[in-house]
Structure formats: structure tokens, C-alpha cells
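For reference, the structure discussed in these notes is given below.
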Amino acid sequence: MAIHGKWLYITALAVSLAAGAASARAGVCDAAFMHDGGVAQFTGQGPTTLSADLAFSDVTRPGPGQCRARVQGSASFVYLGIPAGSTRLDYLMTVHGGQASFVHYGQAGASRPSDGQFDLRMLGLFAYDGVHKGQRLPGASYRLSIGSDSPVGRQPAVAVHIGPKTVGAARIMETPRGGQSCLPITYSRSTDPVKLSFNGLVLPVAGVRSTVTDWYCPKLGLVVKQDIAQDDGRSSVTLTQLR
């Protein structure tokens, strides 16, 4: 399971959320949404929620395992006990050498793109390729910045820690493309405590610890569901539209 306005949010999603520093494999270039007019819609449920509507355009493939696309849309989220937020998205996504990177579309080519917008790494669309049952994937740590348009204004970056990932046995999952064989990829995710300013008050926010399972469907080339379990209950982010 998840985030906006210029939020680089951390929800339970690390939608599936990427394996670390925006790790991806070349297989995302062949994913079911990677074409002009492609659409992926995710809907969240539970205490920590993320919903996102993504549209793909200007898709190019300059070489094997390489692709670029403009990603536009919107996202909404509830996280960290902060008032619900939402934002518009407009990114240039580039996949090269097994790595997916994102910059704000209007800043493509800038030497230092500024912070802002929801962090697409947390959707976990771009994290896996060629995985198999019993495989162990490395964990990672990175920082996500909360942009200036968040409900609580500009805030310090939040540290996110992803534990080692374990790939389980495939199961059939219902998806917008019918039943698919999908692999459960389970890992721990935690955030460090942080202090946020809101209406002139400094609010300490405790770190969040959760267990996440990403359901990755190789044939579709993406995660179709993310299950998140933490102290405040269970949440999920589910793929509800794909074309």
C-alpha cells in the first residue's frame, strides 16, 4: 500500500512500492500500461490509503530495455495522521539500465529538479521483473521529501527503510485483465519519527512500522495489489483499471 499537491508521500504502498531507490527492471517497458493512451488506476482502502489515476503518453523506446513516457494524473492519500491530501501529477519517467527515474515534466533536463509532487516510487509499479518463488531481494533506505504544497507546508524529508524481500508461491489473483498468476513479495517497511509544522504548531509524528505484500503479476508487468498491515489496522491498494 500511498500521498500529493507536491507531496513526495510515503504510504503503504511503496505502492508496492519500489524496491528502494526507484529500482526497476527493463520489463516495465513492456508492461500493459506502457503505450500512448495507457491507463492505470489504483484505489486504496483502510486507515492508510492511497488512490491514484495515471495516464501514459509520449512513449518511446530508444533501445532494448529502454523507454520513456510522460506520466500524468492525480493522487489522493491519508497518511501520518495529517489531513487528507491530493495533488496533480506530471512526470517524465525514464527507464534505462534497469533503473526508473522520475522528474517533473516541466523540469526535464534541469540539473537539479526541485522537490514536489507525490513520489511514484511508492506505487511499486516499477519494482520487479524476472522474480521467482523463493528468491530474496535486497532491502534499501531512502528519503522522501514533502513538497511545499502539502497540507502542512514544506517539511523535512522522511526516512523510509525497506527490509529484505521474500518471493512466495504464485497464486491466481483477479485483475482488470481477468485471473492472473501473481507472486506475493513480502517485506517490512518503516519510517523514522518526524516533526511537522501545522498552523504554527510543531507536531511530533511517530515512526510507522508495517508489513507489506506486493502482488506482482509477471504477465502484466506490474503490481496489481499491495496489502499493508500495521498497528492501526490493515490497508490495501488495488489496481482497478488497466488499459
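Just so we're clear, the structure is a prediction, and the values are computed from it rather than from any experiment.
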> Do you know the tightest heavy-atom contact between G221 and A31?
Replying inline: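 Residues G221 and A31, closest heavy atoms: O-CB, 3.7 Å.
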
> What pair of heavy atoms forms the shortest contact from V223 to K225, and how long is it?
Replying inline: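 That would be CG1-O, 3.3 Å.
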
Distance (rounded to the nearest 0.5 Å) between [X] [atom1] and [Y] [atom2]:
X    : Y    : atom1 : atom2 : value
W215 : T238 : CH2   : OG1   : 11.5 Å
K219 : D30  : NZ    : CG    : 14.0 Å
H35  : C67  : NE2   : SG    : 13.0 Å
L220 : C182 : CG    : SG    : 6.5 Å
L92  : Y105 : CG    : OH    : 6.5 Å
E174 : L239 : CD    : CG    : 12.5 Å

> Between Q66 and C29, is a side-chain contact (heavy atoms from CB on, under 4.5 Å) present by the stated rule, with each step listed?
Replying inline: CA-CA 7 Å; Q66 301 177 38; C29 292; 5.6 Å; no

Heavy-atom side-chain contact between [X] and [Y] under 4.5 Å:
X    : Y    : answer
R171 : S181 : no
D231 : R209 : no
R189 : I228 : yes
M34  : R61  : yes
Y91  : H104 : yes
F33  : V39  : no
I185 : V131 : yes
Y128 : L222 : no

> Partners of H161 by side-chain contact (heavy atoms from CB on, under 4.5 Å), sequence neighbours excluded?
Replying inline: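 H161 satisfies side-chain contact (heavy atoms from CB on, under 4.5 Å) with S141, A159, S190, D192 once adjacent residues are dropped.
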
>> Checking V95 against M93 for the side-chain contact (heavy atoms from CB on, under 4.5 Å) test, could you report, in this order, the C-alpha distance in whole Å, the side-chain angles of both residues, the deciding distance, and whether it holds?
In response: CA-CA 7 Å; V95 178; M93 180 183 77; 4.2 Å; yes

>> Main chain of R177, side chain of T175: is a donor-acceptor contact present, judged purely on distance under 3.5 Å?
In response: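 Flag set: sc T175 to bb R177 pair under 3.5 Å.
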
> Which is it for F42 and L242 under the side-chain contact (heavy atoms from CB on, under 4.5 Å) test, yes or no, and what are the steps along the way?
Replying inline: CA-CA 9 Å; F42 288 84; L242 177 68; over 6 Å; no

> Hey, mind stepping through D90 and R88 against salt bridge (Lys or Arg N to Asp or Glu O under 4.0 Å) and telling me if it holds?
Replying inline: CA-CA 7 Å; D90 192 1; R88 300 293 302 174; over 6 Å; no

> Which of these passes side-chain hydrogen bond (donor to acceptor under 3.5 Å, both in side chains) with Y187: T211, D214, T213?
Replying inline: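 Of the listed residues T211, D214, T213, the side-chain hydrogen bond (donor to acceptor under 3.5 Å, both in side chains) partner of Y187 is D214.
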
>> Using the side chain to side chain donor-acceptor pair (under 3.5 Å) criterion, which residues pair with Q72? Sequence neighbours excluded.
In response: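 Applying side chain to side chain donor-acceptor pair (under 3.5 Å) to Q72 gives none.
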
> Near R234 CZ, under 6.0 Å, is it more than 12 heavy atoms from other residues, nucleotides or ligands?
Replying inline: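 Not more than 12 within 6.0 Å, no.
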
>> Between T166 and R136, is there a side-chain donor-acceptor contact under 3.5 Å, judged purely by atom types and distance?
In response: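 Side-chain D/A pair, R136 to T166: present.
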
> Do any pairs count as a side-chain hydrogen bond (donor to acceptor under 3.5 Å, both in side chains) and have a residue in residues 36-47, sequence neighbours left out, and if so which ones?
Replying inline: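 Qualifying pairs: Q41-D53, Q41-T240, T43-T240.
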
